[in-house]
Protein chains: 2
Amino acid sequence: MKLADAKQQFISSWGVFATQWGINRTMAQIHALLMVSPDPLSQDDVMAELNISRGNANMNIRELIDWGLVERVLVPGERREYFTAEKDIYKVAMQVAKERKKRELDPMLKLLSQLEDVEGDKKDKHVKQFIDTITGIRRFGTQAEKMLDVMIKADENWFTSNLLKLFR
Amino acid sequence: MKLADAKQQFISSWGVFATQWGINRTMAQIHALLMVSPDPLSQDDVMAELNISRGNANMNIRELIDWGLVERVLVPGERREYFTAEKDIYKVAMQVAKERKKRELDPMLKLLSQLEDVEGDKKDKHVKQFIDTITGIRRFGTQAEKMLDVMIKADENWFTSNLLKLFR
DNA sequence: ATAAACATTCAGAAAGTTTTGAAAATTCAG
DNA sequence: CTGAATTTTCAAAACTTTCTGAATGTTTAT
C-alpha cells in the first residue's frame, strides 16, 4: 500500500473510531493527520488535506489545543501559526484520561455523593435498591479515580515495567 | 432529598453522562431506571416512567439486551415481558469493556497491522513518521487488549484484592 | 497610518441521530 | 381457528450536531 492511501485510511478510520467515543469526526481526523505529519502544519494545510472549511478547521484545532493534544508552533520567519500533535501515544492516552476525569468522572462522583443521602425508610425496597446502586457506583468510581491519579502521575517507565508485568 | 427526586436526577444525569461516551440518552436512562428498580419493569412501565414512545422504548431495551446489560424476565402468570438490569456495577463495567473491545479495539488493531507495512523508503521522514505513529498505537493497543482480557476473565475478588492494592 | 495576511466568530445550511406513532407481525388463551 | 394482547418495525418528523463561508477582528510589515 502506498503512503498516501495508508494515510488517508488511517485518518478516516481514526475519525470513525473517535465518534464512538463521543469525539467529533473532524477533530479526530485533524489529530490523526498531525500525528502522522513529521513537520508542523498550518491551518491552511489542514484545510487542504482534509477538505474542510476554514471555520471548521479553526474550531477543531482550538478544541484540540484545549484538550492538550495539539500545540501551536512558531516557525521562524513565518507569519502564520503552525500546529503539531504529541506523537507519543502513551502521553496522548494520559492526557485524555486526565481531561475526561476532570470533565466527567469528578462531577459524576460529586452528584452521587449528594444522591446517596436520600431520605426515607431503608426498609422500603425501593429506597434500599436506590441507595445500594448509588453507593456501588460511587465506590467503583472512587477506585477508578484513584487508579487514574496514580497512572497519570506515574511516568511511562513505571507503567510499562510495573503495571504491565501483571498482564504478561 | 425525596426518593422520587433523587431517582429523577440520577436517571437524567446518567443520560447526560452517557452521551459523552457515545451511548444515546434514552438507552442510558432506561439502564439507570432498571438499575434502581428493585423489581423487573415492563415495557409499558418504562414508557410511563420516562415519558417515551413505544418504539423508542422497544428499540433501546433491545439494544441494552444486545449489550448484555439487561435481561428479559418471565413473571409467572403474566403475559407480557419484564426486564431487569445487572446491578453489580463491577459486572456492568466488565460487560461494557468486553463489548467495546470486540466492537472497537479489535477492528482497529486489525487495521493498524495492515497499515504498518506501507511501502516506501524508510529514510523518507513522512514514511518514517507514519510507520512510527502506527506502530506506537498498535503496540499500545495490544497491551490494552491484553490487560482487558485478563481483567474480563478475572473475578471481582482478584480484581479488588490484587490489582487495586497497587493503587492504595 | 495603511493594507495585506492571517485568525476568529457566528448565523444559517447541511448532515446525522433519535423519536414518534401507527401499521404489521407475533403470540397465546379460549 | 379467532381475536385480543403484546411486541416489533419503519417512514416521517423532530431534534441535535456539525460544517460552511462570509463578515469581522487582529497582527504585522512597510
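Bear in mind the structure is a predicted one, so any value in this text is a computation, not a measurement. Here is the naming used below: chain letters follow the sequence lines, and residue numbers restart at 1 for every chain.
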Going by an N to O cut-off under 4.0 Å, is there a salt bridge joining B:K128 and B:D121? no
B:E81 near the nucleic acid: base, sugar-phosphate alone, or nothing, with a heavy-atom cut-off under 4.0 Å? sugar-phosphate
Write out a two-atom table: protein N or O, nucleotide N or O from nucleotides 24-30 of chain C, distance below 3.5 Å.
unit_1: C:dT27; atom_1: O2; unit_2: B:R79; atom_2: NH2; d: 2.4

Would you say B:R138 and B:L115 make side-chain contact, with heavy atoms under 4.5 Å? no
Decide yes or no for A:Q9 and A:M1: does some side-chain heavy atom of the first lie under 4.5 Å from some side-chain heavy atom of the second? yes
Smallest heavy-atom separation, A:A97 atom then A:L148 atom, equals CB-CD2, 4.0 Å
Sorted by chain and residue number, the ring-ring contact (aromatic ring centres under 6.0 Å, His included) partners of A:W14 (sequence neighbours excluded) come out as A:F10, A:F17
Using a strict heavy-atom distance below 4.0 Å, which residues from residues 58-76 of chain B are in contact with DNA chain D? B:N58, B:R62, B:R72
Can you work out whether B:N51 or A:G55 has the more 5'-proximal nearest nucleotide on DNA chain C? A:G55
Would you kindly give the CD1-to-C1' distance between B:I52 and C:dT20, to the nearest whole Å? 11 Å
Any donor-acceptor N/O pair, A:Q95 side chain to A:W67 backbone, under 3.5 Å: yes
Output the rounded distance in Å from CZ (A:R54) to P (C:dT8). 11 Å
Could you work out, with salt bridge (Lys or Arg N to Asp or Glu O under 4.0 Å) as the rule, every residue matching B:K91, not counting sequence neighbours? none
When you compare the side chain of A:V92 with that of A:H31, does any pair of heavy atoms fall below 4.5 Å? yes
Distance in angstrom units between A:N56 CG and C:dA14 C1', rounded: 12 Å
Outermost contacting nts on DNA chain D, any atom under 4.0 Å from chain A heavy atoms, listed 5' then 3', are D:dT18 to D:dT28
Do the non-hydrogen side-chain atoms of A:R72 and A:F83 ever get within less than 4.5 Å of each other? yes
Those residues of residues 22-41 of chain B lying under 4.0 Å from DNA chain C by at least one heavy atom: B:N24, B:T26
Tell me whether A:N58 contacts the main-chain N or O of A:R54 through its side chain, where contact means a donor paired with an acceptor under 3.5 Å. no
Considering all heavy atoms of both residues, which atom of B:P40 and which atom of B:V73 are nearest to each other, and what is their separation? CG-CG1, 4.1 Å
Just checking, is any N or O donor in the side chain of B:D45 or B:S42 under 3.5 Å from an acceptor N or O on the other one? yes
Side chains of B:D5 and A:V118 in contact at under 4.5 Å (non-hydrogen atoms): no
